[in-house]
Amino acid sequence: MDFDKILEKCGNAGRYQYLMILLLGYIAFTTTVHYYSQNIIGFVPQHWCYHEQLVDRSFEEIAAVYAPFGKDASCTRLEKIEGNNLTVSSKACQRWIYNYDYGFRSMNAELNWVCDDAYKARIGQSLFFLGSLLGTFTFGMLGDRIGRVRAVILANQCGFVGDFLTTYATNLVQFATFRCISGLAATANYYLMFILVLEYLAPKLRNLAISGTLGICFCLGALVAPWLSVLAGNWRIYLTCSALLQLVVALFYFVVQESAQWLITRTNVEGAIARLKHIAHFNGRQVPAADFEAFRRNCIAKRKLSNQPEQTAGIIDLLRTPNLRKISLLVVLIFMLTSLSFNTISRNVEGLGMSPFVVFSLFAVVVPPSGFIQGLLQSRVGRKATAFLAMLCTGLLSCALGVALSMEGAHSSVTLLLSFALPMRLGISLSYTVTSQYASELLPTCVRSRGIAAVHLAAAGASFLSPYLIHLGTKLAAATSLILALLLLTASFCTLMLPETNNRQLPITLADGEAFGKGESMLSFDCWRRHDDDVSKQPAEELKLQPINGQQPAKPATEAEV
């Protein structure tokens with residue numbers, strides 16, 4: 001009896017699975033608030049150099065006084081103001097007048113990190129992404145060594161500590177150090193929980209239920225983040241709230257069961273059975289002892305047939321065999337391109353002619369539809385076709401926007417920009433989430449945590465280019481959109497070379513991963529196969545996982561819907 005069968009007997013769509021989906025939703029919510037906090041605390045409100053003659057004037061009047069200086073108005077210090085006659089001082093600004101957007105006092109405004117000191121905030125942001133790189137790698141390794149649950153909790157506690165300490169930062173060194181600590185949780189706090197939940201879910205819950213839940217929770221996080229900061233009124237209070245949200249994740253230790261599949265790869269079959277028994281009890285299922293014994297014998301027999309112990313497998317083992325190497329490298333490349341595009345589109349909330357708080361909210365509104373669209377498409381056309389269509393359509397939209405922006409005066413039209421920006425935000429959100437799930441399913445369980453960590457690590461490295469892509473748009477309006485179009489169209493083509501995972505038994509061992517998807521063509525989509533979700537698949541449709549290294553063929557595994 002294999003893992004899918006024993007999990008079905010214990011309940012793979014019961015109360016425990018729905019609880020796990022809700023907890024994953026909470027992680028998605030807190031991750032979104034944490035992720036966007038880096039942008040929000042660094043918002044730079046409209047500002048001008050302080051002058052005693054401007055104290056009692058309205059912001060409109062102050063803006064009119066500085067209007068002749070154009071882009072340099074924020075950093076130009078005036079010596080005298082005599083009607084329309086302005087005398088510029090040779091001294092640098094030491095004090096500013098801020099027009100706080102919705103009354104929110106950002107870090108840049110409170111610490112006066114503007115004009116010549118604006119670089120200080122960028123250093124802190126760089127250290128945040130450096131922490132993300134370190135955290136992605138470190139917690140990915142820990143996820144396969146000490147378990148998924150402990151790694152999830154540790155990652156979120158790093159986010160809590162980093163955000164909480166940042167509220168006490170008063171200089172650049174403190175700020176950069178604390179943002180690096182906070183960045184450790186920027187990616188790892190979500191994808192480890194996603195892997196854990198994925199390994200316990202029934203096939204029917206891996207599409208609409210999980211995608212819809214994530215879409216709603218990501219939307220709530222993106223809506224709460226900007227308006228929580230407005231409600232708090234100060235960046236330090238906002239970060240304290242963000243830290244407390246992550247502290248709650250420590251309670252997961254008492255609720256969430258460790259991954260049984262991971263325990264099997266660590267030769268801890270008894271530990272896996274204990275977790276499965278707990279799930280069966282939670283779901284109100286009675287499973288005969290004979291079924292657990294059959295599962296135990298299956299695990300032992302499979303271990304004896306394996307020439308490469310999974311407990312010692314590492315990332316390098318993904319590159320030892322041709323098919324698994326091709327899949328792994330394609331997953332890395334696709335996720336790098338998608339992540340870079342996602343960060344560029346989702347973070348580009350300034351310069352659209354509207355308040356960044358409003359733009360954040362508009363971008364958030366399109367996230368739930370993307371989750372439901374993803375779930376529906378995955379159920380009907382599969383992972384591969386969903387990812388391909390999402391990237392292709394978003395790439396074409398970006399190309400169309402680039403062509404529009406190349407026309408004179410288009411960049412000043414708020415309606416035009418939003419008419420392209422919102423559909424692109426929906427498309428890139430769909431592309432990113434489906435690619436994240438797709439990548440998790442393609443890599444074998446024995447190295448899934450470390451493999452996904454490596455994928456996210458490469459994606460985080462690619463995302464370093466995101467600020468430069470956004471800045472490039474200020475020099476050449478169409479450049480950013482055209483480059484994004486090229487990236488997404490390339491990713492969509494590469495997706496065609498991956499095997500389908502919908503309605504397939506996911507690979508657990510390295511042997512499974514090598515055999516997975518062999519012989520599939522680039523146009524092999526799940527929607528073109530004949531299958532019935534409610535009945536057993538015919539032998540011709542079953543996935544035959546063949547071992548590597550010259551082993552004897554294993555008994556074909558019944559195909560499970562994913």
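Numbers here are sequence positions counted from 1.
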**OP:** Give the C-alpha distance, both sets of side-chain angles, the deciding distance and a yes or no for side-chain contact (heavy atoms from CB on, under 4.5 Å) between Y438 and T495.
**Re:** CA-CA 10 Å; Y438 197 16; T495 300; 4.2 Å; yes
Original post:
Taking it one step at a time, do L78 and V65 satisfy side-chain contact (heavy atoms from CB on, under 4.5 Å)?
Top reply: CA-CA 10 Å; L78 299 178; V65 170; 4.0 Å; yes
Original post:
What's the verdict on ring pair (Phe, Tyr, Trp, His ring centres under 6.0 Å) for F335 and Y432, showing C-alpha distance, side-chain angles and the deciding distance?
Top reply: CA-CA 8 Å; F335 203 71; Y432 185 84; 5.3 Å; yes
**OP:** Evaluate the side-chain contact (heavy atoms from CB on, under 4.5 Å) criterion for residues F178 and D163: first the C-alpha distance (whole Å), next the side-chain angles of each, then the deciding distance (0.1 Å), finally the verdict.
**Re:** CA-CA 7 Å; F178 298 154; D163 280 355; over 6 Å; no
Subject >> F218/F29 under side-chain contact (heavy atoms from CB on, under 4.5 Å): CA gap, chis, key distance, verdict >> reply: CA-CA 6 Å; F218 281 136; F29 171 78; over 6 Å; no
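Residues L340 and A462 share a closest heavy-atom pair of CD1-O, 3.3 Å. Listed here is the closest heavy atom pair of V331 and A439: CG1-CB, 3.5 Å. Closest approach of L54 and I62 over heavy atoms only: O-CD1, 3.7 Å. For the pair C494 and L333, the tightest heavy-atom approach, listed with the atom from each and the gap, is SG-CD2, 3.8 Å. Contact record, V332 with A458: CG1-CB, 3.8 Å, taken as the closest heavy-atom pair. The shortest heavy-atom contact between G451 and L443 is C-CD1, 3.7 Å.
V55 meets the side chain to side chain contact (heavy atoms under 4.5 Å, CB included) test with Y50; sequence neighbours excluded. Qualifying side-chain hydrogen bond (donor to acceptor under 3.5 Å, both in side chains) partners for T166, counting only residues two or more places apart in sequence or in other chains: R179. Checked against side chain to side chain contact (heavy atoms under 4.5 Å, CB included), S398 has the following partners two or more places apart in sequence or in another chain: M424, S481, L484, A485. N171 meets the side chain to side chain contact (heavy atoms under 4.5 Å, CB included) test with V173, Q174; sequence neighbours excluded. Residues passing the side-chain hydrogen bond (donor to acceptor under 3.5 Å, both in side chains) test with R105, sequence neighbours excluded: Y100. Every residue meeting the side chain to side chain contact (heavy atoms under 4.5 Å, CB included) condition with I483, not counting sequence neighbours, appears here in chain and number order: L469, L472, L487. Considering only residues two or more places apart in sequence or on other chains, Y26 meets the side-chain hydrogen bond (donor to acceptor under 3.5 Å, both in side chains) condition with none of them. With sequence neighbours excluded, the residues that form a side-chain hydrogen bond (donor to acceptor under 3.5 Å, both in side chains) with E110 are N234, W235, R236.
Inter-residue side-chain proximity for F175 and I41 is flagged as met; some heavy-atom pair is nearer than 4.5 Å. In this structure the side chain of N156 never reaches within 4.5 angstrom of the side chain of V248, judged on heavy atoms. In this structure, I27 and F252 have side chains that are in contact, with non-hydrogen atoms separated by less than 4.5 Å. Side-chain atoms of M391 and T338, non-hydrogen and from C-beta on, do get closer than 4.5 Å to each other. Residues I40 and F43 meet the side-chain proximity criterion, which asks for heavy atoms closer than 4.5 Å. A 4.5 Å side-chain heavy-atom check between E258 and L196 finds at least one atom pair inside the cut-off. Contact check for H47 versus I97: no side-chain heavy atoms found under the 4.5 Å cut-off. Looking at I334 and T435, their side chains come closer than 4.5 Å, going by heavy atoms from C-beta outward.
Put simply, CG on L165 and OG1 on T177 are 10.0 Å apart, with the number rounded to the nearest 0.5 Å. Rounding to the nearest 0.5 Å gives a distance of 11.0 Å between CG of L19 and CG of L24. Interatomic distance, CG of L337 versus CG of L489, reported as 10.5 Å (0.5 Å rounding). The structure places CG of L426 at 9.5 Å from OG of S431, a figure rounded to the nearest 0.5 Å. L244 contributes atom CG, which lies 6.5 Å from atom CZ of F160 (distance to the nearest 0.5 angstrom). Rounded to the nearest 0.5 angstrom, F139 CZ and L154 CG are separated by 5.5 Å.
More than 12 heavy atoms of other residues, nucleotides or ligands lie within 6.0 Å of CZ in R77, so this atom counts as buried by the packing criterion.
In this structure a side-chain-to-backbone donor-acceptor pair under 3.5 Å is present from E61 to S58. In this structure a side-chain-to-backbone donor-acceptor pair under 3.5 Å is present from T167 to F164. A donor-acceptor distance shorter than 3.5 angstrom exists from the side chain of S229 to the backbone of P226, with no hydrogens or angles considered. Side chain of Q437 to main chain of T433: no donor-acceptor pair is present (N/O by atom type, distance under 3.5 Å, no hydrogens or angles).
Across Y238, Y36, F104, Y102, a single residue satisfies ring pair (Phe, Tyr, Trp, His ring centres under 6.0 Å) together with W227, and that is Y102.
Pairs of residues two or more places apart, or lying in two chains, never qualify as salt bridge (Lys or Arg N to Asp or Glu O under 4.0 Å) while including a residue from residues 417-438. Under the disulfide (SG to SG under 2.5 Å) criterion, the residue pairs touching residues 88-168 are C49-C93, C75-C115, with sequence neighbours excluded. Among residue pairs with one or both ends in residues 124-139, none qualify as salt bridge (Lys or Arg N to Asp or Glu O under 4.0 Å); sequence neighbours excluded. Counting only residues at least two apart or on different chains, no salt bridge (Lys or Arg N to Asp or Glu O under 4.0 Å) pair has a member in residues 241-253.
Using cut-offs of 30° and 60° for the angle between ring planes, the H34 and F128 rings count as tilted. Using the six-membered ring where Trp is involved, W96 and Y98 have ring planes that are tilted, between 30° and 60° apart.
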